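The structure that follows is given in the form of structure tokens.
Residue numbers start from 1 in every chain, and the chains themselves are labelled A, B, ... in the order their sequence lines are given, proteins ahead of strands. Since this is a predicted model, take the numbers as computed values, not measurements. Reckoned from all heavy atoms, side chains included, excluding hydrogens, waters and symmetry mates.
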Amino acid sequence: MRLSEFYIPTLREAPGEAQIPSDKLLRRGGFIRPLAAGVFSYLPLGYIVLDRVEQIVREEMNAAGALELFMPVMQPRELWERSGRWDTFEPQPIRFKDRSGREFCMGPTHEEVITSLIAEDVTSYKQLPMTVYQIQTKFRDELRARGGLIRVKEFLMKDAYSFDMDRDGLDQSYEKMYDAYVRIFERCGLSTEIVRADAGSMGGFDTREFMATSENGEDTIYKCDSCDYASNAECAACRAPEPAEQPAGLATAPEIVSTPGAKSIEAVTQLLGMNADRLVKTLLYSTADGFVAALVRGDRDLNEAKLATSLQAPDLQMATDAQVEELTGAEVGYAGPVGIDDRVRIVADHEIAAMHDFVVGANRTDAHLMGVNVGKDFQLDDYLDLRNAEDGDACPQCAQGKLYGLRAIEIGHIFKLGTRYTEALDGLVQDESGQQRPMVMGCYGIGVSRMIAAIVEQSHDERGIIWPRSVAPFEVVVLLLDPHEDELCRIADGLHDQLQEMGVRVLLDDRPERAGVKFHDAELVGYPLRAVIGKRTKETGQIELQRRRDGVDDTVNVDTAADTVVEMLQDL
RNA sequence: CGGGGCGUGGCGCAGUUUGGCUAGCGCGUCGGCUUUGGGAGCCGAAGGUCGCCGGUUCGAGUCCGGCCGCCCCGACCA
């Protein structure tokens, strides 16, 4: 390909709204352009990269025995009502009606479609196991798109679905996908961590996320410094502390103290002159089964996902101000477990067990209680793991490890779904004994477009992108510095043609630009290898080769240049 | 949706506080001459409903009201 016949509109400066390196560089380099917040076009260069990534995903999925198919973006409301997700899926799908008034959504995912599709024709265990996948644009009505290609409203996703007769079969299908994912991300040059994760609105178990580590990631993951424990922060477990010895001489009764206007932990600590770890926060939630008060140490954050999971209350919601006032008899900000409405179930984080003589809200406006103790002053329904993990926490899995946090971009997510969708959508097949049984499903997603952002986040420098060869838009760029010199043009054309015949993806920069422009563009766009043909070539008969990644270079004769290029590409 | 910031030729910005004449600068683009191995120099040119609507005023990029869009933090989230 000749650059004079291609289209790479590079920008010397990044648009002001681009904040993170991947967004700045992909836009400056002429890969993508925004159309609206979280909606992007892929220019020819960006589309090549997208296609490269897609092909790697496709090859590994095919190698794992998955079959590619292609499903619609628009999905009818009735289908989603059968699975019960029309009103509950978060974020809410983008919806619309056709002219006859029939309702659709722009598919944010395809469990419903694939399950009904497979259910139509698969009727026997003899047709299983089966794993199918597609690479399709998905739509999510994000409350806030951000971070260039990282969090968008419209994006390319590979989604795969496995169908098995039983849990053992599912386990095997899941393993295959897990292994394929490891290979896919490795081939794309991504450094990833595989972590435990929350299933969210998909519903599922044994879920694992593949996280590309990056300081610009939106997720936090925790890893153990001594064992293999790794988890998304949203579900990282906390080890219950060793039971503390209850000191003699506990307060005999709580003492009420006046704390006017102190509605936050911060305010209470200042007023009473004590650390937040002597306080207990009381957070009120409503669930389908009634109200719950969740207690965590004052300096900790409650993890709602963990609370919802341990209460088995997926509909968990923070109580409204009115509900809080009704249950506590006080303004919001003074809730406590002592004397709260007896309809409220009280659960506490494990750490509370190690506390004594602590401070809680008094269920009275402008007042707190000091010297409060579990068992004496109020009864607890349960101790649970409720708080967010923090840097330095003891590892929940091994004895000696400590957790440390990393930022990361979620690029893959695999779940075991079970029979939730096949039961709702009649995904039944006959087993060996002629019994109708719901197929057991797994689902497996990869954010293909998001991977591009992750790759750039992990592989760039101050000058531009450094593409891994596997996904680079071109493997080598040939810079013809003097396009007016016939002899040099012949050499450049020759190298270009020769490389192309050898199967190398080569771009010839034959533009009538100055050398500096060509060097800068080449570094910005990030071709793994660069060949320079200029006046030195005329003088010495040599071509200069340089690797983008580490600047390692070589000077070779014109007639051996192509072979050396191929050799140098081996390591990239 | 809460808080903050921004919106001026393709890109980056100044000008808005304190209203005033033909709305500037750098980059890019087009033409010419020179230059030619790290974003060149000179000369000339094109390109702007100052986000939109309404209002105040002799006069609005600038003041007032409403709306829209974009970015960041939060809430939320495969």
Check whether any side-chain nitrogen or oxygen of A/Arg144 sits under 4.0 Å from OP1 or OP2 of B/C73, and answer yes or no. yes
Residue matched to B/C63 through Watson-Crick or wobble contacts both under 3.5 angstrom: B/G55
Worked verdict on A/Lys306 versus A/Glu234 for salt bridge (Lys or Arg N to Asp or Glu O under 4.0 Å): CA-CA 8 Å; A/Lys306 287 205 265 183; A/Glu234 68 191 3; over 6 Å; no
With the side chain defined as heavy atoms from C-beta on, A/Glu17 is closest, among B/G39, B/C76, B/C70, to B/C70
How is A/Ala14 classified with respect to the nucleic acid when contacts are heavy atoms under 4.0 Å: base, sugar-phosphate, or nothing? sugar-phosphate
Without hydrogens or angle criteria, can the side chains of A/Glu304 and A/Tyr285 be said to hold a donor-acceptor pair below 3.5 Å? yes
Can you identify which nucleotide, out of B/A75, B/A78, B/C11, has its nearest atom closest to the A/His413 side chain? B/A78
NA contact type, A/Glu523, heavy-atom cut-off 4.0 Å: base, sugar-phosphate, or nothing? base
Any side-chain donor near an acceptor of the partner, A/Asp159 and A/Tyr161, under 3.5 Å: yes
Does a donor on one side chain and an acceptor on the other come within less than 3.5 Å for A/Arg407 and A/Ser214? no
Would you say that A/Ile114 contacts A/Val132 through its side chain, given a criterion of any heavy-atom pair below 4.5 Å between the two side chains? yes
Quick one: A/Asp141 CG to B/C1 C1', roughly how many Å, whole number? 13 Å
I'd like the C1' distance from B/U29 over to B/G39, given in whole Å. 16 Å
Between A/His413 and A/Phe415, what is the ring plane arrangement, given parallel below 30°, perpendicular above 60°, and tilted in between? parallel
Just checking A/His520: base, sugar-phosphate only, or nothing, at a heavy-atom cut-off of under 4.0 Å? base
Classify the nucleic acid contact of A/Ala36 as base, sugar-phosphate or nothing, counting any heavy atom under 4.0 Å across all strands shown. sugar-phosphate
Confirm from the modelled atom types if A/Arg511 and B/G39 form a donor-acceptor pair under 3.5 Å, side chain to base only. no
With RNA chain B as reference, determine whether A/Glu142 or A/Ala18 sits nearer its 5' end, using the nearest nucleotide of each. A/Ala18
Within the 4.0 Å heavy-atom criterion, would you say A/Gly412 contacts the bases, only the backbone, or no part of the nucleic acid? nothing
Is the number of heavy atoms from other residues, nucleotides or ligands under 6.0 Å of A/Gln317 CD greater than 12? no
Annotated protein contacts, base or backbone, on nucleotides 27-37 of chain B with a non-hydrogen cut-off under 4.0 Å, one of B, S, - each: SS------BSB
P gap between B/C72 and B/C13, integer Å: 15 Å
Contact list please: residues 456-466 of chain A against RNA chain B, heavy atoms, distance less than 4.0 Å, in numerical order. none
Which is true for A/Phe155 with a 4.0 Å heavy-atom rule: it touches a base, it touches only sugar-phosphate, or it touches nothing? base
Using every non-hydrogen atom in the two residues, find where A/Phe474 and A/Leu45 come nearest and quote the distance to one decimal. CE1-CD1, 4.0 Å
Quick one about A/Thr109 and A/Glu111 (side-chain donor to acceptor, distance below 3.5 Å, no hydrogens or angles considered), yes or no? yes
Can a donor-acceptor pair be found, under 3.5 Å and without considering hydrogens, that links the side chain of A/Ser286 to the backbone of A/Phe291? no
